[in-house]
Amino acid sequence: MDEIKEILKKYPDRRGALLPTLYVAQKAYGWLSQEALEEAAKALNLPPATVKGVATFYAMYKHKPMGRHLIQLCTNVACMIMGAERLVDLLKERYGLEPGGTTEDGRFSLVIMECIGACDRAPAMLVDTDFHADLNENNIFEILEKYE
Amino acid sequence: MERFLLKNIDNPESHRLAFYEAEGGYGSLKKALSLKPEEIIGEVKNSGLRGRGGAGFPTGMKWDFASRDPKFPKYLICNADEGEPGTFKDRPILEKNPHLLIEGMIISAYALKAEKGYIYLRGEYPYAKVVLEEAIKEAYEKGYLGDNILGSGFKFDLSVHQGAGAYICGEETALIESIEGKRGQPRIKPPFPVNVGAWGMPTVVNNVETLANIPLIIKIGSEEYKKIGNPECPGPKLYCVSGCVESPGVYELPMGTTLREIIYEHCGGIRGGGELKAVIPGGISTPVLTPDKLDTMMDFVSLPKVGSMLGSGAVMVFDQSVCLVRVCWRAMKFFEHESCGKCTPCREGVSWMRTVLERIESGFGRKGDIELLQDVASNIAGKTFCPLGDGAAGVVLSFIRNFPEEFDYHIEHKKCMVEA
Ligand SMILES: Cc1cc2nc3c(=O)[nH]c(=O)nc-3n(C[C@H](O)[C@H](O)[C@H](O)COP(=O)(O)O)c2cc1C
Ligand code: SF4
Ligand code: FES
């Protein structure tokens with residue numbers, strides 16, 4: 001709640017605080033469950049339907065539970081020509097991980113991204129908030145194995 | 001050329017306030033506070049600075065419109081959404097040189113009499129968020145932000161607003177909707193944000209790189225600034241180069257540097273001694289060019305003359321090993337994913353183009369598919385609410401126009417020329 005108070009100070013009205021509040025709720029619950037959305041709505045005194053309508057517009061708000069670690073791998077043009085699609089295949093082979101899916105053990109979720117601003121070091125991904133670039137068929141697993 | 005926008009970014013301390021100040025940082029702010037707001041707007045107008053976010057609108061003129069509007073409060077928003085695929089030029093400023101941006105914003109806000117600013121930062125840059133928030137904190141502590149800045153009586157508050165993964169929010173009216181806590185769909189223009197922007201108030205939206213140019217203009221004066229690069233649209237420019245070159249990266253060069261110089265002198269040429277096939281000069285939304293256009297100057301006036309645009313200055317280089325049908329398909333997949341769905345020609349048309357490109361690419365193309373693509377594209381162009389749909393149509397048309405043999409080959413042989 002204190003966090004939301006701080007957020008509210010930055011905006012001239014309550015509605016303005018909605019995007020950052022959704023991030024706070026997502027962090028607390030891991031994803032935007034019905035409960036999380038209602039909590040956000042209550043904190044800002046907004047109708048739950050409004051809150052849900054906004055939350056579903058943005059790709060980075062999650063509407064189902066996520067694995068312990070979120071892999072956000074870019075396959076846009078610069079990454080594609082440097083072999084990103086092969087990495088998607090390898091994630092499937094190695095972990096049984098499909099785009100939009102989560103591994104059975106709940107360790108990883110995978111989301112395909114549209115350019116994460118690292119095209120000079122393609123292919124690139126974010127794991128949670130860590131950034132990894134210059135990926136190839138070997139180092140991607142060396143990196144991922146560090147995330148338990 | 002001496003670097004200004006990327007000055008000192010190789011130094012691990014470059015993001016710290018103490019370092020920035022020791023290198024002369026916030027000197028332009030002190031100078032600006034001794035000038036009248038109108039004088040600053042006059043300088044920016046005279047400098048010829050054009051917006052670096054893609055459209056190239058004259059910055060001084062935009063400021064003039066906003067400052068003439070009698071409504072208060074006014075808002076200043078920095079567009080750090082950097083969503084155009086191929087673009088990573090704002091990122092070094094955000095992560096390595098945040099105080100340059102903050103100084104630029106304070107000067108701009110003073111000129112505009114804006115008391116509140118936001119940096120709309122894409123959700124995909126979590127590290128930049130940490131750096132910016134720390135830098136803002138430092139600036140508050142030193143009295144560069146807050147009430148009564150450096151004893152001048154001027155007040156300006158600044159905060160970071162984190163986006164949540166929607167390319168369309170880079171479009172300035174969608175961005176404003178998003179800051180207001182709404183779905184990021186573009187608004188109809190006019191009215192323009194300079195008159196009716198955030199919370200209905202006059203609002204200036206400028207790109208990161210645009211705002212980072214302001215301290216330089218104040219420091220050296222508009223007359224000196226105009227001597228950098230092409231006099232028709234002067235200043236330093238960040239070119240971010242990706243794809244098949246030896247040394248991809250961000251290069252700060254005078255506006256109007258030729259594609260040839262960028263690719264062959266600064267980026268070390270085509271990787272592995274390969275042969276150039278195609279270049280996208282300004283990010284995925286700008287029309288593709290053939291190698292005979294290499295001597296074109298990379299600026300807002302020269303690229304339109306050869307059928308493309310400067311866009312975000314994101315140069316994407318493709319050698320002979322790249323299948324351009326596949327590139328075009330992937331671009332359309334992007335636009336399909338990012339279309340906000342507000343208008344039918346974009347929502348339906350882009351999806352249809354992606355479908356047709358996908359079947360051509362995967363060997364199921366039919367005779368007449370090229371004409372079909374051209375027809376759909378022509379029905380999108382000029383009929384959409386915002387430039388996203390137009391951009392998608394222009395991309396498809398440019399690929400077909402410039403590389404018809406690749407499309408023909410795919411349809412005829414059910415496979416790719418490159419793999420053949
Ligand atoms: C679909 C779309 C996406 C855009 N994305 C960005 C962006 O990521 N960053 C940016 O600065 N401008 C972007 N723009 C341009 C903005 O609408 C606006 O023109 C710009 O922020 C104005 O700043 P400037 O005058 O300093 O360039 C985009 C425009 C469109 C139509
Ligand atoms: S052109 Fe596309 S992105 Fe732009 S408003 Fe229409 S549907 Fe939305
Ligand atoms: S295309 Fe993958 S980071 Fe830009």
Side-chain angles (χ1 to χ4, degrees), chain A residues 6-7 9-24 26 32 40 44 46 50-62 72 74-82 84-85 111-122 124-131 133-134, chain B residues 73 82-91 116 118 122-127 129-130 157 159-167 169 178-185 198-199 201 240-245 247-250 280 284 314 316 318 321-323 326-327 330-331 333-334 337-338 340:
Chain A
E6 280 307 304
I7 293 170
K9 281 188 200 157
K10 298 178 182 168
Y11 299 89
D13 66 10
R14 290 174 161 265
R15 178 83 188 249
L18 181 51
L19 264 70
T21 300
L22 285 171
Y23 270 120
V24 172
Q26 174 155 295
L32 291 178
L44 299 180
L46 294 170
T50 305
V51 170
K52 188 158 191 177
V54 172
T56 49
F57 184 84
Y58 297 93
M60 293 177 91
Y61 296 130
K62 304 299 174 207
Q72 303 186 91
C74 173
T75 65
N76 206 301
V77 171
C79 289
M80 177 186 85
I81 66 173
M82 300 301 271
E85 289 164 322
V111 172
I112 300 298
M113 300 296 278
E114 298 288 359
C115 192
I116 56 174
C119 328
D120 55 338
R121 297 180 56 204
M125 67 176 174
L126 281 159
V127 181
D128 304 329
T129 55
D130 307 332
F131 177 79
D134 294 318
Chain B
E82 188 144 88
E84 175 74 7
T87 313
F88 48 95
K89 68 176 181 73
D90 294 337
R91 187 173 183 167
K116 176 70 202 179
Y118 296 96
R122 66 186 313 217
E124 293 85 346
Y125 284 178
Y127 178 66
K129 180 165 187 270
V130 175
D157 283 305
S159 52
V160 176
H161 181 96
Q162 191 177 15
Y167 167 68
C169 288
S178 179
I179 286 203
E180 290 183 0
K182 299 176 183 156
R183 294 165 71 88
Q185 288 182 316
W199 295 283
M201 291 297 153
C240 45
V241 190
S242 63
C244 311
V245 292
S247 311
V250 187
I280 293 176
I284 206 82
M316 306 174 81
F318 306 110
S321 73
V322 177
C323 169
R326 196 162 178 77
V327 170
R330 186 62 185 81
K333 201 168 150 214
F334 164 76
H337 186 249
E338 301 299 337
C340 82

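We name chains A, B, ... by the order of the sequence lines, and we start the count at 1 in each one. All of these numbers come straight from a predicted model, not from anything done at the bench.
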Quiz item: Between the side chain of Y127(B) and the main-chain N/O of T129(A), is any donor-acceptor distance below 3.5 Å?
Solution: no

Quiz item: So, R330(B) side chain and M80(A) main chain: donor-acceptor pair closer than 3.5 Å or not?
Solution: no

Practice problem: Taking atom NZ of K62(A) as the centre, report whether more than 12 heavy atoms of other residues, nucleotides or ligands fall under 6.0 Å from it. | Solution: yes

Quiz item: What orientation do H161(B) and Y11(A) show, parallel under 30°, tilted 30 to 60°, or perpendicular over 60°?
Solution: perpendicular

Between [X] and chain A, which part of the residue has a heavy atom less than 4.5 Å away: side chain, backbone, both or neither?
X: P248(B); answer: both
X: S178(B); answer: both
X: R326(B); answer: both

Practice problem: Any chance you could measure C115(A), atom SG, to E84(B), atom CD, to the nearest 0.5 Å? | Solution: 8.5 Å

Exercise. Mind checking side chain to side chain donor-acceptor pair (under 3.5 Å) for R121(A) and listing every partner two or more places apart, or none if nothing turns up?
Key: D134(A)

So do the side chains of [X] and [Y] get within less than 4.5 Å of each other, counting heavy atoms only?
X: K182(B); Y: R15(A); value: yes
X: P20(A); Y: Q162(B); value: no
X: D120(A); Y: C240(B); value: no
X: V77(A); Y: F318(B); value: yes

Practice problem: Tell me, please, which residues at least two apart from M82(A) pass side chain to side chain contact (heavy atoms under 4.5 Å, CB included). | Solution: A122(A), P123(A), R271(B)

